[in-house]
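First the structure, in the form of structure tokens, and then the observations on it.
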Amino acid sequence: MSDNLILDKEGIYCRQNSPLIISGPCSAESEEQVVETAHQLSKLGIKIYRAGIWKPRTRPDTFDGMGSVALPWLKKVKEETGMLVATEVANMWHVKEAFKYGIDILWIGARTTANPFAVQEIADAIRGYDIPVFVKNPVNPDIELWIGALERVNNAGITKLVAVHRGFGYYGESPYRNVPQWEIPIELKRRFPDLPIITDPSHICGNRNLLFSVSQTAMDLDFDGLFIESHRDPDAALSDKDQQVTPQQLSDLLEGLIHRNHDVRSAGQLESLEGLRRQIDQWDDELLRILRSRMYISEQIGDYKKQENITILQTNRWSEILEDRLIKARKAGLSDQFIVQIFKQIHQESIRFQNNVMN
Ligand code: PEP
Ligand code: MN
């Protein structure tokens, strides 16, 4: 985790060995619901409160937020509980309204991050106020678009930036509402080691049952915190009801999380890990040697196909390979998704080698 992240009245600029937790309902629905949920969370030790006021909904004719009337409710939460309050902004007008009511933290939603015009408009509206801004990943798995949005906000002089990993849209069967694709936030962390990243398990899961495992994974990956929805009465929520939990359920979830050490502490730990890492290095060398040998055969096949004037792509053969490797890989306990990805990449590279020989 980034050690230089702390949260206090001034904003977020340092962290003290416990994850940054931000929670509250998907949407502000009524003054009562907002204030009561906040009091419950505050009693359980939550310091930052979220509630959506302008809701970007997929379909029309669904509840799209209370709008500005809900801003005084958040102000009341601040006054009564001392929590910091956060809401989503999607255009310049939202930013202006949020400032009028002393909102402490703004977040840019996944659909807005995907739109550079909107992000720029928001960045321009925030310029001059160093308010913390949380930037959710775009709905599509495009790390550059996510970075671009963070840069636009940063270029407007905002330094208290937090990236929020909320999963990525996916067409097809999946246990998740938005697939986590952990490799994307991991790559963001690799490229920007000082940028805090928190995970939003609510929008990844889409239902309560998976929240714990996704939250634990985020902790195991050394992410900086969780952005998680809770509602005093989730089943009655006007948006995202299946994924919201009560404040007490949230507290139980947080209690259950295991926090592991970021640092390798003792000489013994280091020695054991290094021994295993050396073995990984050796196997990786072996993998590279095998891949190169495989490509050498692809080159010979390319040569032969050129002589005989045969196309590179032979769909039947490719389908056979994939089926056969999947059966074998399953027996070895490797996941289908992994094997399909790996063999697609190998096949692509093989085509590239054959192409080089042919043309
Ligand atoms: C939200 O946080 O309620 C929300 C709309 O999230 P996202 O932008 O990630 O869909
Ligand atoms: Mn929501």
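Atoms within a ligand are numbered from 1 in the order they appear, just like the ligands themselves. We use all heavy atoms of the structure for the numbers below, so side chains are in, but hydrogens, waters and symmetry mates are not.
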Exercise for the section: Would you check if there is a donor-acceptor pair between the side chains of D303 and Q307 at a distance under 3.5 Å? Expected result: no
Exercise for the section: Establish, from distance only, whether the side-chain atoms of H203 and D240 form a donor-acceptor pair under 3.5 Å. Expected result: yes
Problem - Contact with ligand 1 for G52, non-hydrogen, under 4.0 angstrom - result: no
Practice task
Please report the shortest heavy-atom distance between M219 and I258, naming the atom on each side.
Solution key: CB-O, 4.0 Å
Problem - Nearest-neighbour protein heavy atom for atom 8 (O) of ligand 1, which is reported as residue plus atom name and distance - result: A110 N, 2.8 Å
For [X], counting its heavy atoms only, list the atoms of ligand 1 lying under 4.0 Å from any of them.
{"X": "E88", "value": "4 (C), 5 (C)"}
{"X": "C26", "value": "3 (O)"}
{"X": "K55", "value": "1 (C), 3 (O), 5 (C)"}
{"X": "G109", "value": "8 (O)"}

Problem - Atom name in E229, limited to N/O/S, at shortest distance from the Mn ion (ligand 2) - result: OE2
Problem - Geometric N/O contact D200 with ligand 1, under 3.5 angstrom - result: no
Exercise for the section: Could you check N137 against H165 for side-chain hydrogen bond (donor to acceptor under 3.5 Å, both in side chains), going step by step and ending with a plain yes or no? Expected result: CA-CA 6 Å; N137 66 254; H165 164 231; 5.1 Å; no
Problem - Option nearest atom 6 (O) of ligand 1 (shortest heavy-atom distance, choices R50, R166, K136) - result: K136
Completion exercise
Check: of R177, H203, R111, min heavy-atom distance to atom 4 (C) of ligand 1 comes from H203
Problem - Over 12 foreign heavy atoms within 6.0 Å of CD, E255 - result: no
Practice task
Could you walk me through whether Y170 and Y176 pass ring pair (Phe, Tyr, Trp, His ring centres under 6.0 Å), step by step?
Solution key: CA-CA 9 Å; Y170 178 76; Y176 301 107; 9.7 Å; no
Fill in the blank from the handout: In this structure, NZ of K189 is separated from CD1 of I184 (nearest 0.5 Å) by 16.0 Å
Practice task
Take the Mn ion (ligand 2) as the vertex and measure to NE2 of H203 and OD2 of D240; round to 10°.
Solution key: 90°
